[in-house]
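One structure below.
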Amino acid sequence: MKIAISCQGNDLNCEVDPRFGRAKGFLICDTETDEFQFVDNNQNLNAAQGAGIQSAQNVAATGAKAIITGHVGPKAFTALEKGRIAVHLVSGGTVADALAAFRAGKLETASEADKPGHW
């Protein structure tokens with residue numbers, strides 16, 4: 001299974017980016033092969049609007065079935081939900097910490113956005 005984690009760097013030791021739509025990028029983790037790939041999200045960092053939806057499309061294009069991030073707005077949540085991508089929220093820590101918590105079954109699946117649009 002592929003999992004996307006919003007991140008501020010490009011490896012397991014970087015911090016989870018608390019923003020989904022305007023995250024620096026996503027580390028795509030394949031839990032079956034333990035392979036990792038960084039996907040840049042630079043085009044959405046300063047987008048006037050639509051950053052969450054575009055980021056959701058970028059994550060979907062990787063084949064990820066789950067996203068781990070700090071926060072997600074309503075439009076991004078809906079786009080992820082339509083793409084059948086489960087949303088898991090964390091409050092800080094490294095990508096490695098978030099991945100370990102996911103693998104241990106410690107992260108609940110979000111049922112709705114936790115932030116209003118354009119926060």
Side-chain angles (χ1 to χ4, degrees):
M1 175 182 184
K2 288 186 179 179
I3 303 164
I5 304 173
S6 63
C7 56
Q8 296 178 1
N10 60 4
D11 61 40
L12 290 170
N13 297 317
C14 70
E15 293 292 314
V16 171
D17 199 316
R19 306 159 301 172
F20 171 72
R22 299 185 194 285
K24 178 179 179 181
F26 301 98
L27 196 63
I28 310 302
C29 309
D30 189 320
T31 60
E32 295 172 11
T33 64
D34 282 332
E35 293 179 349
F36 302 93
Q37 171 192 9
F38 177 74
V39 175
D40 190 272
N41 194 43
N42 214 18
Q43 76 279 8
N44 292 318
L45 288 177
N46 297 310
Q49 60 184 9
I53 294 170
Q54 182 61 49
S55 294
Q57 292 171 341
N58 292 345
V59 168
T62 70
K65 298 297 179 196
I67 176 74
I68 301 172
T69 189
H71 301 284
V72 65
K75 290 179 183 177
F77 186 86
T78 298
L80 291 164
E81 192 173 48
K82 285 183 179 180
R84 298 183 192 271
I85 299 170
V87 177
H88 303 276
L89 303 176
V90 295
S91 57
T94 66
V95 169
D97 293 339
L99 183 58
F102 179 85
R103 285 182 166 161
K106 295 181 178 178
L107 300 182
E108 292 184 22
T109 302
S111 60
E112 61 185 2
D114 74 317
K115 290 288 184 181
H118 302 283
W119 56 278

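Being a predicted model, the structure only gives us computed values, none of them experimental.
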Side-chain polar contacts of residues 54-62 - donor-acceptor pairs under 3.5 angstrom, sequence neighbours left out - could you list them?
residue: Gln54; atom: NE2; partner: Asn58; partner atom: OD1; Å: 3.0
residue: Ser55; atom: OG; partner: Gly21; partner atom: O; Å: 2.9
residue: Ser55; atom: OG; partner: Asn41; partner atom: OD1; Å: 3.3
residue: Ser55; atom: OG; partner: Asn41; partner atom: ND2; Å: 3.2
residue: Ser55; atom: OG; partner: Asn44; partner atom: ND2; Å: 3.3
residue: Ser55; atom: OG; partner: Ala51; partner atom: O; Å: 2.8
residue: Asn58; atom: ND2; partner: Asn41; partner atom: OD1; Å: 3.4
residue: Thr62; atom: OG1; partner: Val59; partner atom: O; Å: 2.6
residue: Thr62; atom: OG1; partner: Ala64; partner atom: N; Å: 3.2

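Using a 4.0 Å cut-off between charged nitrogen and carboxylate oxygen, Asp34 and Arg103 count as a salt-bridge pair.
With sequence neighbours left out, Lys106 forms a side chain to side chain contact (heavy atoms under 4.5 Å, CB included) with Ala101, Ala104.
Clustering ILVMFWY residues whenever any of their side-chain heavy atoms sit less than 4.5 angstrom apart, transitively, puts Val95 in the very cluster that holds Ile3. In the hydrophobic clustering of ILVMFWY residues, with side-chain heavy atoms under 4.5 Å counting as a link, Met1 and Leu99 come out together.
Between atom OG1 of residue Thr33 and atom NZ of residue Lys2 there is a gap of 8.0 Å, rounded to the nearest 0.5 Å. The distance from atom SG of Cys29 to atom CD of Glu35, rounded to the nearest 0.5 Å, is 11.5 Å. Rounded to the nearest 0.5 Å, atoms CG (Asp30) and CZ (Phe36) are 9.0 Å apart. The CD atom of Glu112 sits 7.5 Å away from the CZ atom of Phe77 when rounded to the nearest 0.5 Å.
Between Cys7 and Phe38, the shortest heavy-atom distance links the atoms SG-CE1, 3.7 Å. Residues Ala23 and Ser6 come closest through the heavy atom pair CB-CB, 3.8 Å. Nearest heavy-atom pair, Leu107 versus Ile68, reported as atom, atom and distance to 0.1 Å: CD1-CD1, 3.9 Å. Between Gly52 and Phe20, the closest heavy-atom pair is O-CE2, 3.5 Å.
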Chi angles and distances behind the side-chain contact (heavy atoms from CB on, under 4.5 Å) call for Val16, Ile5:
CA-CA 7 Å; Val16 171; Ile5 304 173; 4.1 Å; yes
With side-chain contact (heavy atoms from CB on, under 4.5 Å) as the criterion, how do Val87 and Thr109 come out once you've worked through the C-alpha distance, each side chain's angles and the decisive distance to 0.1 Å?
CA-CA 6 Å; Val87 177; Thr109 302; 5.8 Å; no
Val90 and Thr69: side-chain contact (heavy atoms from CB on, under 4.5 Å), yes or no, with the steps?
CA-CA 6 Å; Val90 295; Thr69 189; over 6 Å; no
Can you check side-chain contact (heavy atoms from CB on, under 4.5 Å) on Asp11 and Leu27, steps first, answer last?
CA-CA 7 Å; Asp11 61 40; Leu27 196 63; 5.6 Å; no
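Within the structure, side chain to side chain donor-acceptor pair (under 3.5 Å) pairs that include any residue of residues 78-94 comprise Thr94-Asp97 (at least two apart or interchain).
Of the possible polar contacts, none joining the Asp17 side chain to the Gln8 backbone as a donor-acceptor pair under 3.5 Å is found.
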